[in-house]
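Heads up, the thing below is written out as structure tokens.
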Amino acid sequence: MNLHNQTPAKTSSSAPWIIAVGAVTFALGAVGAFTLSQMNQSRQNDAIAVLAAQLAEMQVTRAQSPALLAIAAPSDVAVPATAAIPSASAVLAARTPTAPAVELSQEDKVAEAIAIVNRNKMRMLTEGVVAGLYSVTAENADGGSRIALNSRNAASTAAELENLLAKAAANGDIEVPDSIATSDGTVDSQTLLFDLVQRSLQGGTAKEVAAAQEMRSRAFAASAAKTDVVEGKRYYTVQSGDSLAYISLQFYGSTNAYETIFEANRAKVASPDKIQIGQRLLIPEA
Amino acid sequence: MFSRKFAAAIAVSAGIATSLMAQTDGELINAAFTVGGVEGRFTQSQTLNTALIETFHQPMENCGAVCIAPNTVSADIQTVSEREVIAFVASTVSAGNGLLIDSREPEKRAAGYISASVNVPTSLVQPENPYLSDIMLALGARSFEGTLNFSDAMPLIIFDDGPTTLDAPALITQLLGQGYPADKISYYRGGMLVWTALGLNTEDAKS
């Protein structure tokens with residue numbers, strides 16, 4: 001499904017189980033307070049900005065335009081089979097105080113319920129991060145140690161969201177930014193989760209900005225990545241499962257510094273999704 | 001007899017540290033290393049320099065009735081012997097991947113030190129030192145927005161004057177407090193006192 005799908009009817013009919021990730025992203029936007037200017041800047045960026053732009057777009061267009069990023073619900077959060085596809089935009093519109101009142105259909109009510117649940121999940125996770133109720137650890141996975149976000153107030157929620165993102169990405173229901181494409185062609189949903197949480201915090205309140213910094217600090221400290229320093233320059237060798245965003249997370253504590261690495265390695269990396277296992281990337285000093 | 005022992009001289013280079021361990025049994029130590037482009041050699045003599053040994057006997061101050069350093073600094077810090085120190089210098093330090101650290105004050109170090117060691121006085125590695133993070137970076141840590149990451153930090157063996165002093169345990173405690181991984185730190189408890197008592201060679205400020 002195309003992210004830029006502006007047609008609610010098509011959205012409604014193209015997938016049997018749609019939950020309004022628009023609602024999730026609405027929550028993201030609400031928590032993170034994306035501004036219009038941020039959105040425009042995001043759009044100018046390529047790759048990693050795709051996701052942010054989509055989220056931001058939601059905020060601006062939701063009142064007048066039905067553009068909605070919808071993703072298929074995995075079976076474990078599937079709605080009852082009798083529920084037809086709701087117009088998620090209608091749900092959102094109905095929840096927006098300034099929007100005209102919309103008579104909700106049964107389907108819409110189901111969708112709204114799901115939307116609320118997802119919105120609350122994301123909010124719970126993000127609020128937990130703001131409250132410091134999480135840890136970032138390096139966990140042993142296939143082929144080495146990987147950074148993971150461990151939520152203390154919403155552990156199952158984080159896992160569920162990660163799962164949801166992975167399925168949505170696998171189904172092509174959301175467009176994964178190039179920078180999150182891994183060296184072996186898979187989708188790194190854990191990095192996507194970091195990306196979402198960090199985006200939801202940036203440009204927010206002072207408390208949220210501080211939380212974002214704390215999260216960068218924890219992610220940076222947790223990384224088990226090893227580097228070589230040659231003539232004062234730091235190099236990292238791409239491992240299986242790495243994406244540019246994940247490498248950025250390891251050396252700068254956040255996914256969005258991927259461009260720094262990309263720019264420093266333009267000579268050997270054609271685009272952010274084109275890093276290869278074994279490639280030596282220059283990691284500029286922050 | 002003398003020549004037979006020295007006939008067993010082994011030039012140790014990176015990667016054959018294990019063979020050093022095996023071949024020095026029953027023989028005096030004679031192991032070459034190259035650190036920072038400078039060649040050096042660990043040798044062992046049967047004639048002891050008792051005056052030097054005495055300078056390394058530093059009664060601890062305010063340590064109560066018994067002034068003996070603990071055998072272990074903490075549960076996850078390995079305590080090592082001279083053999084490990086020599087093998088570590090010959091392999092890891094020679095390859096540029098580790099440091100043998102003398103935790104004593106420079107004045108004490110001037111009397112004599114183990115070849116290839118570098119001086120990082122315990123008094124420098126204190127939270128009050130504004131340049132503390134620079135020291136951590138020198139040990140291989142990475143820094144971002146004031147946070148340290150120790151994935152690239154070098155393995156260290158830390159010593160002091162020996163079992164009658166606590167400089168090394170104190171330095172190890174400070175490093176652990178900064179987040180330095182315990183599995184990258186070893187404690188050479190014997191220090192200068194035991195090193196010289198075993199007839200192992202030292203360098204001093206004059207040499």
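Sequence lines set the chain letters: A, B, ... in the order given, protein chains first and strands last, and positions in each chain run from 1. Side chains included, hydrogens not; waters and symmetry mates left out as well; all remaining heavy atoms used.
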(request) Determine which pairs satisfy salt bridge (charged side-chain N to carboxylate O under 4.0 Å, His left out) with at least one residue from residues 266-277 of chain A, sequence neighbours left out, and list them in order. (result) A/E263-A/R266
(message) Just so I understand: if I count every heavy-atom pair under 4.5 Å between each of A/A222, A/A224, A/A138 and chain B, which residue has the most?
(response) A/A224
Once you leave out hydrogens and angles, what donor-acceptor pairs under 3.5 Å do chain A and chain B share?
from: A/R216; atom 1: NE; to: B/E145; atom 2: OE1; distance (Å): 3.1
from: A/R216; atom 1: NE; to: B/E145; atom 2: OE2; distance (Å): 3.2
from: A/R216; atom 1: NH2; to: B/E145; atom 2: OE2; distance (Å): 3.4
from: A/S217; atom 1: OG; to: B/T147; atom 2: OG1; distance (Å): 2.6
from: A/F220; atom 1: O; to: B/N149; atom 2: ND2; distance (Å): 2.6
from: A/A221; atom 1: O; to: B/N149; atom 2: ND2; distance (Å): 3.4
from: A/S223; atom 1: O; to: B/N149; atom 2: ND2; distance (Å): 2.8
from: A/S223; atom 1: O; to: B/S151; atom 2: OG; distance (Å): 2.5
from: A/A225; atom 1: O; to: B/R142; atom 2: NH1; distance (Å): 2.8
from: A/A225; atom 1: O; to: B/R142; atom 2: NH2; distance (Å): 3.2
from: A/K226; atom 1: NZ; to: B/S151; atom 2: O; distance (Å): 3.3
from: A/T227; atom 1: N; to: B/D152; atom 2: OD1; distance (Å): 2.7
from: A/T227; atom 1: N; to: B/D152; atom 2: OD2; distance (Å): 3.3
from: A/T227; atom 1: OG1; to: B/D152; atom 2: OD2; distance (Å): 2.3
from: A/R234; atom 1: NH1; to: B/D152; atom 2: OD2; distance (Å): 3.3

